[in-house]
Number of protein chains: 2
Amino acid sequence: MEDEHFVNLMHAAYVQNFPPQIELITEGDPSDFLHILLSGTVELFSTWKDRETCMATVYPISTFILAATIKSAPYLMSARTLEKSRIALIPSQDVLAAFDKDNDFARAIVGELATCYRSVVKSQKDLKLRTSLERLANYLLRTQKRAGNGGDFELPTEKRRLASALGMTPENLSRAFKSLQPYGVQVDGNRITITDQEDLERFAKPSPLIDDHTT
Amino acid sequence: MEDEHFVNLMHAAYVQNFPPQIELITEGDPSDFLHILLSGTVELFSTWKDRETCMATVYPISTFILAATIKSAPYLMSARTLEKSRIALIPSQDVLAAFDKDNDFARAIVGELATCYRSVVKSQKDLKLRTSLERLANYLLRTQKRAGNGGDFELPTEKRRLASALGMTPENLSRAFKSLQPYGVQVDGNRITITDQEDLERFAKPSPLIDDHTT
DNA sequence: TCGCGGAATTGACATTTGTCATGCGATGCC
DNA sequence: GGCATCGCATGACAAATGTCAATTCCGCGA
């Protein structure tokens, strides 16, 4: 975007550091600021009745709660830091103003929004078309890929959170890991070792239309 | 948007009529045209392995597969007509061109996209936070509202499709209807009668952050 | 009007998933 | 070092959901 527009956009913005486990925003609240995660990790989650579920995990550098900002509508999800995190906050009205003035910025915003949208659609397909075992298997393959396609890698989250993200209980996740043993999955704490890549892929049947979160 | 831009946008566009049960687009295909439903009904669905699930039902007047158009990425969902439908098709490149030239159009596009995005997020919360019984109860309340808040109304879709949309089997939907009887829900074919509004609402606990699909 | 075919329902049963209680093991703090 | 805490694992059990087969219902066309 143009320098002048960028200066205007950042004029009232500020960067803040947060310790872990801080609730940054609460679902239902009005959307005053666009949030951009610069470092650390943030969890997006939702609650209903006495239940809570992990909707997504945000890694740097990405925005979150962009749609609420654009629509000036209440947040649909809450957000909390998982680690010490640096977050930039830009007043929603400035984002909307920049959108009108700067075409490249508008393009970038709409691109980011479309990516987020497609990401939820993929996640919904994952949920509705697969069993929990299949979801875990595909999650492992995705995580392996992000870690560099090696035979072993670390889980980037605690298992309780992973379970929630995959739409199951922690107890069930434990059992699911055991059920994947025959397909060549070894678990030692947070360390995963895949001993039979082909067998796991044959079971998981990953699809770019569900598992490729880059497009 | 400006007349001139509109004319350019519509220049290569065309309107087509489709009979029911026609597959309009297939997931994985490249996104050549933005689709706009003018009349009729369209189902968005996805498949994996030998399974299929209903992702959303589109009613006029709305676009569908907007995100794929914007990202020039493959469709994530397939679409088929459920009834005789009129659909406008606009070449993707013309949409992108108009986006750059016309600010009001860009605003409208980003607004529509944000609405679709938020709609999937709500649907995902529905799926992950509620049991199938709770999903059905809330679906009935939403449908009642759309039908004018009367004590009785018609289901707008066949039950097999509703079951798929709610993430369950047709057999389970049948049983779920029966289980809602004690809460004042009468079913006669496609006709639903709600005899005890308060009781049903007390059970369903609808929330605008999940069930209000207008914001 | 009859009969066909697809949808819906129903019952019996299997599978999956969740719940609760318990125990283990690592971590951190006094 | 000992103790409390928390995450994780495990077993027993309950509840929810899916599967299969049989039957009923209903709209449509011959």
Side-chain angles (χ1 to χ4, degrees), chain A residues 19-21 41 43 48-54 80 82-83 126-140 154-182 185-192 203, chain B residues 19-21 41 43 45 48-54 80 82-84 126-140 154-183 185-192 203-204:
Chain A
Q21 301 300 334
T41 321
E43 177 190 20
W48 182 73
K49 278 185 165 181
D50 61 340
R51 297 165 214 168
E52 174 182 321
T53 190
C54 172
R80 71 163 73 91
L82 293 183
E83 321 170 337
D126 193 40
L127 267 172
K128 292 187 78 175
L129 289 168
R130 290 172 171 163
T131 66
S132 57
L133 243 196
E134 292 164 341
R135 289 199 295 276
L136 175 59
N138 280 291
Y139 170 84
L140 291 178
E154 297 274 333
L155 292 176
T157 51
E158 331 174 69
K159 290 188 184 157
R160 62 202 330 274
R161 219 171 295 284
L162 174 57
S164 177
L166 293 176
M168 49 182 163
T169 57
E171 292 94 331
N172 238 315
L173 179 62
S174 271
R175 292 175 193 125
F177 272 122
K178 285 220 159 167
S179 310
L180 285 182
Q181 239 170 258
V185 176
Q186 301 290 330
V187 185
D188 176 27
N190 270 346
R191 180 135 221 99
I192 306 291
F203 170 75
Chain B
Q21 301 300 334
T41 323
E43 177 190 21
F45 65 100
W48 183 73
K49 278 183 165 182
D50 61 339
R51 298 166 213 167
E52 174 181 322
T53 190
C54 171
R80 71 163 72 93
L82 293 183
E83 320 170 337
K84 199 165 159 301
D126 193 40
L127 267 173
K128 290 187 78 175
L129 289 167
R130 290 173 171 161
T131 66
S132 57
L133 242 196
E134 291 164 343
R135 289 200 295 278
L136 176 59
N138 280 291
Y139 170 84
L140 291 177
E154 297 274 332
L155 293 176
T157 52
E158 332 173 69
K159 290 188 182 155
R160 60 199 335 270
R161 220 170 294 284
L162 174 58
S164 176
L166 293 175
M168 49 183 171
T169 57
E171 292 94 329
N172 237 316
L173 179 62
S174 270
R175 291 175 192 124
F177 272 122
K178 284 218 158 166
S179 308
L180 285 182
Q181 238 170 260
Y183 297 98
V185 176
Q186 301 290 330
V187 185
D188 177 27
N190 270 346
R191 182 136 219 97
I192 306 291
F203 170 75

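Proteins get letters first, then strands, A, B, ... in listed order; numbering begins at 1 in each. Values below: all heavy atoms of this structure, side chains included; hydrogens, waters and symmetry mates excluded.
- Regarding contacts with the backbone of D:dT17, a side-chain N or O of B:Ser132 is found under 4.0 angstrom from either OP1 or OP2.
- With contacts defined as side-chain heavy-atom distances shorter than 4.5 Å, the pair A:Asn190/A:Thr157 does not qualify.
- Distance, B:Leu133 CG to D:dA15 C1': 12 Å, rounded to whole Å.
- The backbone N or O of A:Leu82 sits nowhere less than 3.5 Å from a side-chain atom of A:Thr41 that would complete a donor-acceptor pair.
- To the nearest 0.5 angstrom, B:Leu133 atom CG is 10.5 Å from B:Phe177 atom CZ.
- For the pair B:Arg161 CZ and C:dG6 P, the computed distance is 14 Å after rounding to whole Å.
- Considering only residues two or more places apart in sequence or on other chains, B:Lys128 meets the side-chain hydrogen bond (donor to acceptor under 3.5 Å, both in side chains) condition with A:Thr53.
- Nearest heavy-atom pair, B:Asn138 versus B:Ala204, reported as atom, atom and distance to 0.1 Å: ND2-O, 3.0 Å.
- To the nearest angstrom, P of C:dG6 lies 13 Å from CD of B:Gln21.
- Between the P atom of D:dC8 and the CE atom of A:Met168 lies a distance of 13 Å, rounded to the nearest Å.
- The separation between A:Glu158 atom CD and C:dT27 atom C1' is 13 Å, rounded to whole Å.
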Interface polar pairs with nucleotides 9-15 of chain C, N/O, under 3.5 angstrom:
from, atom 1, to, atom 2, distance (Å)
C:dT9, OP1, B:Lys159, NZ, 2.7
C:dT9, OP2, B:Ser174, OG, 2.7
C:dT9, O5', B:Ser174, OG, 3.1
C:dT10, OP1, B:Lys178, NZ, 2.8
C:dT10, OP2, B:Lys178, NZ, 3.1
C:dG11, N7, B:Arg175, NH2, 3.3
C:dG11, O6, B:Arg175, NH2, 3.0
C:dA12, N6, B:Arg175, NH2, 3.0

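- One distance of note links CD of A:Gln21 with CD of A:Glu43; it measures 8.0 Å at 0.5 Å rounding.
- Nucleotide D:dA9 holds its P atom 13 Å from the CG atom of A:Leu180, rounded to whole Å.
- Rounding to the nearest 0.5 angstrom, the gap separating the NZ atom in B:Lys178 from the CG atom in B:Leu180 is 13.0 Å.
- Atom CG of B:Asn190 and atom P of C:dA8 are 8 Å apart (whole Å).
- Contact check for A:Arg51 versus B:Thr131: side-chain heavy atoms found under the 4.5 Å cut-off.
- Regarding B:Glu134, its CD atom lies at a distance of 10 Å from the P atom of D:dA16, rounded to whole Å.
- Judged by distance alone, with hydrogens and angles left aside, the side-chain atoms of A:Arg135 form a donor-acceptor pair with the main-chain N or O of A:Arg130 at under 3.5 Å.
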Protein-nucleic acid N or O pairs under 3.5 Å, nucleotides 23-27 of chain D:
none

